[in-house]
J.: 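Mind having a look at this structure? Questions to follow.
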Protein chains: 2
Amino acid sequence: MVMTTDVHVRDLRYFLAVAEELHFTRAAERLYVSQPALSKQVRALERQLGVELFRRDRHGVALTGAGAALLPYARRVLDTWAEGAAAVEAVRAAQRSTLAVGMSTSPGRGGLLPAIRSRFMAEHPAATVRLRQVSWEDPSAGLADGSADVAFVWLPLPDADRYAWTVVAEEPRLVALPDTHPLAARTEVAFADLADEPFLALPPGSGPLRDYWLALEERGGRPPRIGAEIASTEETYEALVGGLGICLVASGNAPLITLGGVVTRPVRGIGPSRYALAWRREDGQRPLVRGYAEACRSVAGA
Amino acid sequence: MVMTTDVHVRDLRYFLAVAEELHFTRAAERLYVSQPALSKQVRALERQLGVELFRRDRHGVALTGAGAALLPYARRVLDTWAEGAAAVEAVRAAQRSTLAVGMSTSPGRGGLLPAIRSRFMAEHPAATVRLRQVSWEDPSAGLADGSADVAFVWLPLPDADRYAWTVVAEEPRLVALPDTHPLAARTEVAFADLADEPFLALPPGSGPLRDYWLALEERGGRPPRIGAEIASTEETYEALVGGLGICLVASGNAPLITLGGVVTRPVRGIGPSRYALAWRREDGQRPLVRGYAEACRSVAGA
DNA sequence: CTTGGTGATAACCGATGGTTATGACGACCG
DNA sequence: CGGTCGTCATAACCATCGGTTATCACCAAG
C-alpha cells in the first residue's frame, strides 16, 4: 500500500507541459527529455494518483476530468516553488556578497578596521561587510561555528590546522594593574615578580589561548593563581579596579582598559603577542575572503 | 551544472518537520524514516539549493536565514499539493461511484433500462448511472475508448477476447422495407429474395458487425450491394423511405423505424440476432460493473 | 503497400532514497 | 576525571527511480 501522496515537482512540470501541448512528443522536446521518459513519468504520476490524467486515443491526447481538476493546483505548486526557490536564491546571493568579520573586542589600533574596509571595498564594491562581536568563549571569534567568515584572533589558535591566517600585529605584552598595586610604581616589571599574583583568566573552553594569556609557558610548570574569569573588556576593567587580579594585555589593547584607576607596565621575560586575521582553510579561495585578507595584509604591512 | 530547481515535495515535508522540531532524531521518527535518511535528504536539499538551511552546532539545530526564507514557501507548496491531491481524489471517488452505460441506440425493449436501473440502484444506492449515446462507428459502444464502463452491444463483438458479456435478448432479424417495395406485400420473405437488393450498411470500422447485419455468412460468398451507409436511427429511416436500400433489423428495434412509410417483415433462412450487455474483461471485478451486469441478468431472465 | 508520425514498451544504466551499523563529539553524571 | 548517553554525520549496501536508445503497434495519408 502506497501511503505517500508526495509528488516530485518535476512530474507536475511534465504534466503541465503535456496538458498545455496535448502532445507528448512536442511536450517532451519542450522539456528537453526523450518522449519515452515523458510518457513513463506521466504514467507513473497517473499510477501514483490512481487516476487517468489524459485520454490517449486515435484523435490525440486530451485531459480527463481528473487531469482538469489537477491542472490549477499543479500550476500553483510550480509557481509557489518558483517563488520559494527565488527567495532562497536571493538569500544565497546576499550571503555570497556578504563578509562576516568576527572579533572578540574591537581591534582598535588606530583605524585599522576602517582602513582595511576602505581598501577592501575598493576592490569589491558590491560587497557588504558585517562586523560581528563574538563572545570570548570562542577563541576563533566565530570561525568555528560559521558566524564569521574571517576573524581577528590571537595566536595560537586551537585546531590550528583548520585555519589559515595572516599576522596583523606583533606586540609586546604589558601587565595591567590597578594603580593602587605596589608594582604600579615601577616603570617596568619582571614577569617573575608577577608569577604569584592572582590572574584574570579567559573562560575555560578558550583552550590554549587561556594558557597563553596566563603565560603558562613562562611559569615553568608552576600553576597560576586564578583571581577571576573575564569575558569582556568591561568585566576586565572592573576586575582590575576591584583588585580581583591582574592580567597581561597586548600593547595595542592597552588603551581600552587604561582608564581611571588602571595602569599598564612593560614586562620583561615574556614573549610578544601576535594578533592575526584568520579564516577557515576551505574558504581560502572565496573571493571576498581572499580580498579581505589581501586588504588586511597591505594595510598591516604599511 | 545543475539546472533543475525541481524539488521532491517529500524533501520539503522533511525540511518542514526538521524546521518545526529543530531536532533531526525527533523529526525522523515523526516522519517514520530513519535519522540518517532524514539527515541525508536534508543535506541533499541544501546541496541542491546551494545554501545551508540549518545550522547544526553544539547547542542544537537552528534555521539559517535561507531556511527561514524557504519555510513559508515550503508550507504553501505542501498545502497546495494537499489540496490538489484531495481534488484529484474527489474526482477519483466520483468516477469510482459512477457507471457509464454506453449504447448505440436506445435499447428500448419495454422499459428494460429503467428496470435494470432500479434494481441496480437498490443494491448500490450511492452510485450514479450515466447513460452515454455512442456513435455507430464504435461497435463496442464506448468500451474500447473507455467512455463507457458497460455497454449494450450486438454480438459478435470485435476484439471479443477483451470483453465479457451477458446476453440480454436473442431476437429474430426482420427486414425493414419502404412500404412501396414489392416485397412489402408479403407477410414473410426468404433471405434469398433479398440477397440482390441494395443494403444499408454500418460504417466501415465497425468490423464484423457490419458484415453481420449484411448477413454476409448467409450469402455464401456473393458480395452484397451497398445502397448507403448509416450512422443513426434517423439516417436509417430516411434512407429506407428514400429507397436507397433495405436492411436487417432486430425485432426489438423494429418499433424504432416502423413509422410512416416503413414496414418490417420476418425473414426465413437467417439466424437470430443477439443483444448483450458487455464490459471490459479487466473491469469484471469492479463492484459497479458486476452489479449492473447482475441487475441486467435478473431483469432479462425474468 | 509503403511512409511518416503518434504514443507505448523493452532493455539497460547511473543516481536516488532508503536501510542498518558505526563514528565523532559534547553533555551529563558517577 | 572517565563512562554513558544522545546528538547528528558517515559508510556500506540495496531496491527503485528516472533517464537513455531502440523498437513496436497503430493510424492517416500518399
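To find a chain, count down the sequence lines: A is the first, B the second, and so on, and within it residues start at 1.
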J.: For the OH atom of Y212(B) and the CH2 atom of W154(B), what is their distance to the nearest 0.5 Å?
T.: 8.0 Å
J.: Scan S34(B) against the nucleic acid and name what it touches under 4.0 Å (heavy atoms): base, sugar-phosphate only, or nothing.
T.: base
J.: Please confirm whether R219(B) makes a cation-pi placement over F199(B), using NZ or CZ under 6.0 Å from the six-membered ring centre and within 45° of the ring normal.
T.: yes
J.: Stem list for DNA chain C, please, built from Watson-Crick and G-U wobble pairs under 3.5 Å and keeping only runs of at least 3.
T.: C:1-30 with D:1-30
J.: Assign each of A37(A) and A37(B) to its nearest nucleotide of DNA chain C by heavy atoms, then name whichever residue's nucleotide is nearer the 5' end.
T.: A37(A)
J.: Let me know the distance between CG of L31(A) and P of dG18(D), rounded to the nearest Å.
T.: 15 Å
J.: CG of L45(A) versus P of dG19(D): gap in Å, rounded?
T.: 13 Å
J.: Given atom CZ of R56(A) and atom P of dC27(D), what is their separation to the nearest angstrom?
T.: 17 Å
J.: Scan Y14(A) against the nucleic acid and name what it touches under 4.0 Å (heavy atoms): base, sugar-phosphate only, or nothing.
T.: sugar-phosphate
J.: Is the shortest side-chain N to carboxylate O distance from E197(A) to R225(A) below 4.0 Å?
T.: no
J.: Using a cut-off of 6.0 Å, state whether more than 12 heavy atoms not belonging to R274(A) lie near its atom CZ.
T.: no
J.: Could you measure the distance from the OG1 atom of T25(A) to the CD atom of Q35(A)? Nearest 0.5 Å is fine.
T.: 5.0 Å
J.: For D6(A) and dC17(D), what is the distance between atoms CG and C1' respectively, to the nearest whole Å?
T.: 15 Å
J.: Does K40(A) or V61(A) map to a spot on DNA chain C nearer the 5' end, using the closest nucleotide for each?
T.: V61(A)
J.: In whole Å, what is the span from the CG atom of L38(B) to the C1' atom of dT16(C)?
T.: 16 Å
J.: So, does D149(A) use its side chain to make a donor-acceptor pair with the main chain of A100(A) at under 3.5 Å?
T.: yes
J.: Tell me whether the OP1 or OP2 atom of dG5(C) has a side-chain N or O from R26(A) closer than 4.0 Å.
T.: no
J.: Just compare dG7(C), dC8(D), dG19(D) and give me whichever is closest to any side-chain atom of F24(A).
T.: dG7(C)
J.: Closer than 4.0 Å, any side-chain N/O of H23(A) to the OP1 or OP2 of dG7(C)?
T.: yes
J.: Look only at the side chain of T64(B) and the backbone of E52(B), and say whether a donor-acceptor pair between them is shorter than 3.5 Å.
T.: yes
J.: What is the distance, rounded to the nearest whole Å, between atom CG of D11(A) and atom P of dC17(D)?
T.: 11 Å
J.: Can you check the R43(B) CZ to dA9(D) P distance for me, whole Å?
T.: 5 Å
J.: Whether Q35(B) contacts dC8(D) is assessed here as follows: a side-chain N or O lying under 4.0 Å from the phosphate OP1 or OP2. Is that the case?
T.: no
J.: Take the protein atom CD of E21(A) and the nucleotide atom P of dG7(C), then report the distance between them rounded to whole Å.
T.: 11 Å
J.: From dA11(D), dG7(C), dT21(D), pick the nucleotide closest to the side chain of S39(A)?
T.: dG7(C)
J.: Is there a side-chain contact between T25(B) and the phosphate of dC8(D), meaning an N or O under 4.0 Å from OP1 or OP2?
T.: yes
J.: State whether R26(B) and E20(B) are salt-bridged, where the test is any N-O pair (Lys NZ or Arg NE/NH1/NH2 against Asp/Glu carboxylate O) under 4.0 Å.
T.: no
J.: Choosing from dT20(D), dG17(C), dG7(C), which nucleotide comes nearest the side chain of V33(A)?
T.: dT20(D)
